[in-house]
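Report on one structure; see the data block that follows.
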Amino acid sequence: MRSPSTGRPSEARSRLLATATRLFYAEGIHAVGIDHIVAEAHVTRATLYRHFPGKEDLVLAYLDEVDRATRGQADQAAAAGLPADGTVRALGEAIAEGIRSPGFRGCAFLNAAAEYPDPGSPVRQTVLAHRQWFLDTVTALLAEVRETGAEPAARHFVMMRDGAMAAGCLFDPELICDTFLHGVDRLLRASEEDRTGFRR
């Protein structure tokens, strides 16, 4: 619901979504109940249900916020005016920065997928849509770097990212990020070799 005077989301909705985003990511979606959210956000249940008819609506809004942030990273990398390989490296650096951040707890989308295994779930479908966008984005970039095999290379990048995000909340994030970024660099070098036919 938006404020009639400004057209922006109401302060209560923004507070609810910010609270749910923090709690869902830190504690897990199923582990966080509505009562916990309304208490942390200092609103009533009636206020929550006025903005989000059910918990699933709040979960979808949470994932939409994370999706926006991730797309923002990709847009920022693209806006730097770098060549395609530089944009991929910048995207890798943004991923590494997230892994190094305090409170990092893995990929929000993979975490949500683990909690919603039903393929028909709207949450699951939202996760898949985000991942398809990410794969398409990396594929388009790598298509500018290599002559063939852009999609397999992009899938490799996505798998490296998934592995880094899973390991980054379990082991030394610096070591994980160094390994991930080294893998990105090797992938791009292989792409350059594929395009030019020369091994550097």
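In this chain, numbering begins with 1 at the start of the sequence shown. Values below: all heavy atoms of this structure, side chains included; hydrogens, waters and symmetry mates excluded.
- Considering all non-hydrogen atoms of both residues, Ala150 and Thr139 come closest at CB-O, 3.8 Å.
- Within the structure, side chain to side chain donor-acceptor pair (under 3.5 Å) pairs that include any residue of residues 113-125 do not occur (at least two apart or interchain).
- Under a hydrophobic-cluster definition in which Ile, Leu, Val, Met, Phe, Trp and Tyr are linked whenever side-chain heavy atoms come within less than 4.5 Å, directly or via other members, Trp133 and Met165 are assigned to the same cluster.
- Val59 and Leu110 fall into different hydrophobic clusters, where Ile, Leu, Val, Met, Phe, Trp and Tyr side chains are chained together by heavy-atom contacts under 4.5 Å.
- Note that OG1 of Thr137 is 7.0 Å distant from CZ of Arg71, once rounded to the nearest 0.5 Å.
- Rounding to the nearest 0.5 Å gives a distance of 5.5 Å between OG1 of Thr87 and CG of Leu141.
- His182 NE2: 12 or fewer foreign heavy atoms inside a 6.0 Å radius.
- Going from atom CG of Leu135 over to atom CG of Leu128 covers 12.0 Å, rounded to the nearest 0.5 Å.
- Without hydrogens or angle criteria, Asp178 side chain to Leu175 main chain gives no donor-acceptor distance under 3.5 Å.
- The environment of Arg186 atom CZ is sparse: at most 12 non-hydrogen atoms of other residues, nucleotides or ligands sit within 6.0 angstrom.
- In this structure, CG in Leu181 is found 9.5 Å from CE in Met160, a value given to the nearest 0.5 Å.
- Put simply, OG1 on Thr70 and CZ on Phe109 are 5.5 Å apart, with the number rounded to the nearest 0.5 Å.
- Here the shortest heavy-atom pairing between Ala41 and Arg15 reads O-NE, 2.5 Å.
- Summarising the geometry, atom CG belonging to Asp85 is positioned 9.5 Å from atom CG belonging to Leu142; distances are rounded to the nearest 0.5 Å.
- With salt bridges taken as basic N to acidic carboxylate O contacts below 4.0 Å, one links Arg22 and Glu40.
- Here the closest heavy-atom approach between residue Ile29 and residue Lys55 is recorded as O-NZ, 2.8 Å.
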Donor-acceptor pairs are to be reported for all side-chain atoms of residues 91-100 against protein atoms at under 3.5 Å, with residues two or more places apart or in another chain.
residue, atom, partner, partner atom, Å
Arg100, NE, Glu174, OE1, 3.3
Arg100, NE, Glu174, OE2, 3.3

Evaluate the criterion side chain to side chain contact (heavy atoms under 4.5 Å, CB included) for residue pair Asp162 and Arg131; output intermediate values, then yes/no.
-> CA-CA 11 Å; Asp162 289 348; Arg131 290 181 64 79; 2.6 Å; yes

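- Under the ring-ring contact (aromatic ring centres under 6.0 Å, His included) criterion, Tyr25 pairs with no residue at all, not counting sequence neighbours.
- Checked for salt-bridge contact, Arg68 and Asp64 meet the test: a charged N lies under 4.0 Å from a carboxylate O.
- Residues Arg155 and Val158 are not in side-chain contact: their nearest non-hydrogen atoms beyond the backbone lie 4.5 Å or more apart.
- Minimum interatomic distance between Val145 and Ala84 (heavy atoms only, all atoms of both residues): CG2-CB, 3.7 Å.
- Between His130 and Phe134, the two ring planes are parallel [angle under 30°; tilted spans 30° to 60°].
- Residues Arg13 and Phe52 share a closest heavy-atom pair of NH2-CE2, 3.6 Å.
- Of all the heavy atoms in Glu56 and Pro122, the pair that sits closest is OE2-CG, 3.4 Å.
- Here the options are Asn111, Leu63, Ile37, Thr19, the test is side chain to side chain contact (heavy atoms under 4.5 Å, CB included), and the partner is Phe24; only Ile37 passes.
- When atom types are taken as modelled, the side chain of Thr47 and the backbone of Val43 share no donor-acceptor pair closer than 3.5 angstrom.
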